[in-house]
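One is the number of the first residue; the rest follow in order along the sequence. All values reported here derive from a predicted model rather than from experimental measurement.
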Amino acid sequence: MLRVAAFLLALIPGVAAVHATDVPHSSTAYTQQVEQWRAARVARLTAPDGWLSLIGLEWLHEGANRVGSAADNDIVLKAGPAHLGVVTVAADGTTRIALAKGVDATIDGQKLESATLVDDMHVNGDAAPTTVRFGHASFFVIDRDGRRALRVKDSDAAARRDFVGIDYFPIDPSWRIEADWVPFDPPHDLQMGTAIGTIDTVKIPGKAVFHRDGQTFELLPYQEEPGGELFFVLADKTSGKQTYGAARFLYAALPAGGIDKPGKLVLDFNRAYNPPCAFTPFATCPLAPPENRLDIAVTAGEKKYRGGDH
């Protein structure tokens with residue numbers, strides 16, 4: 001499930017489009033680089049299909065699920081035709097949709113009567129899950145530990161229309177920290193809770209060890225995709241106060257020598273950002289594990305979102 005912690009998030013690791021290792025020599029240039037990164041992150045967040053467009057997370061049961069905006073459906077959508085169609089989940093997890101006769105909708109951009117819905121955990125490579133679109137709304141199927149749900153989006157969602165912007169701590173170059181990378185052989189297993197109450201086990205290839213204010217701290221990352229950047233789900237003494245309580249996310253480029261050798265990596269906490277769950281109740285975010293709850297106030301990166309109480 002955690003493979004999609006950043007799916008669409010920006011389709012993160014797109015969030016790391018400007019790598020923390022590519023730091024200009026002057027503080028002014030560094031500030032501009034962080035501001036550029038922030039602007040790109042907000043653009044993804046507020047895109048027509050970004051996280052702010054979510055209007056539903058609707059769990060499917062095995063068998064037939066009638067879907068539409070009318071109250072007599074099994075799944076009542078907040079947008080779209082009264083009776084969109086029927087989504088059927090087979091015993092083996094295969095999910096299909098049969099659209100209602102005459103409904104104005106497309107399946108992956110095509111006018112089809114029915115189709116198999118490939119969920120977000122079973123797509124190949126960079127392919128996207130099968131998307132059913134109707135007007136300015138759409139949905140696709142997500143798989144969370146064998147449970148399937150419709151992730152419903154609407155480009156006219158209130159959360160997107162009413163977005164109030166993101167508050168940040170001042171950019172502080174001292175929070176761009178070079179850490180020691182200590183690889184694990186073999187990788188360790190780490191259990192991580194999620195916002196929907198599930199527990200996932202991820203492989204931890206090593207730990208980042210850094211120093212701040214005379215203290216030593218450690219953070220455990222995992223890779224969402226083989227060869228991908230290191231992904232940290234962390235909390236600190238600002239969590240639940242100045243910052244979102246459940247976690248903040250942070251990416252780091254791989255050490256120059258690879259993750260299987262000791263080396264150095266950069267933790268740029270000015271790029272610590274809120275998970276989707278800070279903006280919408282319809283996301284399925286990982287929570288910071290106890291091992292990544294730092295006993296220090298990380299006064300860098302994104303603050304708590306003023307526009308919601310998620």
Side-chain angles (χ1 to χ4, degrees), residues 1 4 7-9 11 44-90 93-123 128-164 194-197 276-285 305 307-310:
M1 188 283 269
V4 290
F7 182 76
L8 298 173
L9 208 188
L11 292 184
R44 284 184 290 269
L45 180 66
T46 59
D49 63 347
W51 286 109
L52 294 177
S53 70
L54 289 184
I55 61 169
L57 178 65
E58 310 294 344
W59 295 99
L60 299 164
H61 60 73
E62 188 174 320
N65 300 259
R66 294 170 300 160
V67 178
S69 59
D72 61 348
N73 289 285
D74 301 304
I75 292 178
V76 179
L77 303 176
K78 295 182 176 68
H83 299 95
L84 178 66
V86 177
V87 176
T88 302
V89 181
T94 301
T95 307
R96 289 188 59 83
I97 186 168
L99 293 174
K101 186 176 181 179
V103 74
D104 185 14
T106 61
I107 303 173
D108 274 351
Q110 302 181 61
K111 295 291 289 185
L112 303 173
E113 294 181 354
S114 64
T116 297
L117 299 177
V118 179
D119 63 62
D120 65 340
M121 295 301 291
H122 293 90
V123 293
T130 307
T131 299
V132 178
R133 190 170 300 279
F134 38 98
H136 45 70
S138 65
F139 65 67
F140 58 86
V141 178
I142 67 171
D143 179 336
R144 297 295 179 268
D145 293 336
R147 298 173 62 203
R148 287 166 178 79
L150 302 182
R151 172 163 283 167
V152 190
K153 297 185 174 188
D154 185 347
S155 60
D156 193 39
R160 184 168 180 257
R161 293 197 315 267
D162 302 336
F163 179 61
V164 299
T194 72
I196 59 172
C277 291
F279 304 95
T280 174
F282 305 121
T284 60
C285 309
Y305 180 54
D309 55 0
H310 310 303

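Separation of atoms NE2 (H122) and OG1 (T116) is listed at 13.0 Å; rounding is to 0.5 Å. To the nearest 0.5 Å, atom OG1 of residue T284 and atom CG of residue D120 are 8.0 Å apart. Rounded to the nearest 0.5 Å, atoms CG (L99) and CG (L112) are 8.0 Å apart. Note that the CD1 atom of I196 and the CG atom of D145 stand 7.0 Å from one another [nearest 0.5 Å].
When atom types are taken as modelled, the side chain of T280 and the backbone of A278 share no donor-acceptor pair closer than 3.5 angstrom. Side-chain atoms of K153 never come within 3.5 Å of backbone atoms of S53 as a donor-acceptor pair (strictly under, hydrogens ignored). Within the 3.5 Å criterion, the main-chain N or O of G146 finds a donor-acceptor partner in the side chain of R148. Under a 3.5 Å cut-off, the side chain of R160 and the backbone N or O of T46 do form a donor-acceptor pair.
Atom CG of D156 is surrounded by more than 12 heavy atoms from other residues, nucleotides or ligands within 6.0 Å. Under a cut-off of 6.0 angstrom, the local environment of NZ in K101 is sparse, with at most 12 non-hydrogen atoms contributed by other residues, nucleotides or ligands.
Heavy atoms only, all atoms of each residue included: A157 and L52 are closest at CB-O, 3.6 Å. Summarising the geometry of K111 relative to A105, their closest heavy-atom pair is NZ-O, 3.4 Å, with the distance given to 0.1 Å. Smallest separation of non-hydrogen atoms from G80 and S69: O-OG, 2.9 Å. The two atoms that bring F140 and P129 nearest to each other are CD1-CG, 3.4 Å, heavy atoms only. Taking each heavy atom of D119 and V123 in turn, the nearest pair found is O-CG1, 3.3 Å. Contact between G307 and V164 at its shortest, heavy atoms only, is N-CG2, 3.7 Å.
Note on ring orientation: taking the six-membered ring where Trp is involved, the planes of Y305 and F163 are parallel (angle under 30°, cut-offs 30° and 60°).
Side-chain contact between K78 and V152 is absent, with no heavy atoms from C-beta onward closer than 4.5 Å. At least one side-chain heavy atom of V141 sits less than 4.5 Å from a side-chain heavy atom of L150. By the 4.5 Å heavy-atom criterion applied to side chains, V103 and E113 are not counted as neighbours. Counting heavy atoms from C-beta outward, R96 and T130 have side chains that stay 4.5 Å or more apart.
Screening N73, D74, D72 for a side-chain hydrogen bond (donor to acceptor under 3.5 Å, both in side chains) with R66, the sole residue that qualifies is D74.
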Would you list the atom pairs, donor with acceptor, under 3.5 Å between side chains in residues 132-139 and any protein atom, with sequence neighbours excluded?
{"residue": "H136", "atom": "ND1", "partner": "D154", "partner atom": "OD1", "Å": "2.6"}

For M121 and R144, what are the C-alpha separation, side-chain angles and deciding distance, and is it a side-chain contact (heavy atoms from CB on, under 4.5 Å)?
CA-CA 8 Å; M121 295 301 291; R144 297 295 179 268; 4.2 Å; yes

With side-chain contact (heavy atoms from CB on, under 4.5 Å) as the criterion, how do I142 and L57 come out once you've worked through the C-alpha distance, each side chain's angles and the decisive distance to 0.1 Å?
CA-CA 9 Å; I142 67 171; L57 178 65; 3.5 Å; yes

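Scanning for side-chain hydrogen bond (donor to acceptor under 3.5 Å, both in side chains) contacts around N65 gives H61, with sequence neighbours left out. Residues that satisfy the side-chain hydrogen bond (donor to acceptor under 3.5 Å, both in side chains) test with D108, not counting sequence neighbours, are absent from this structure.
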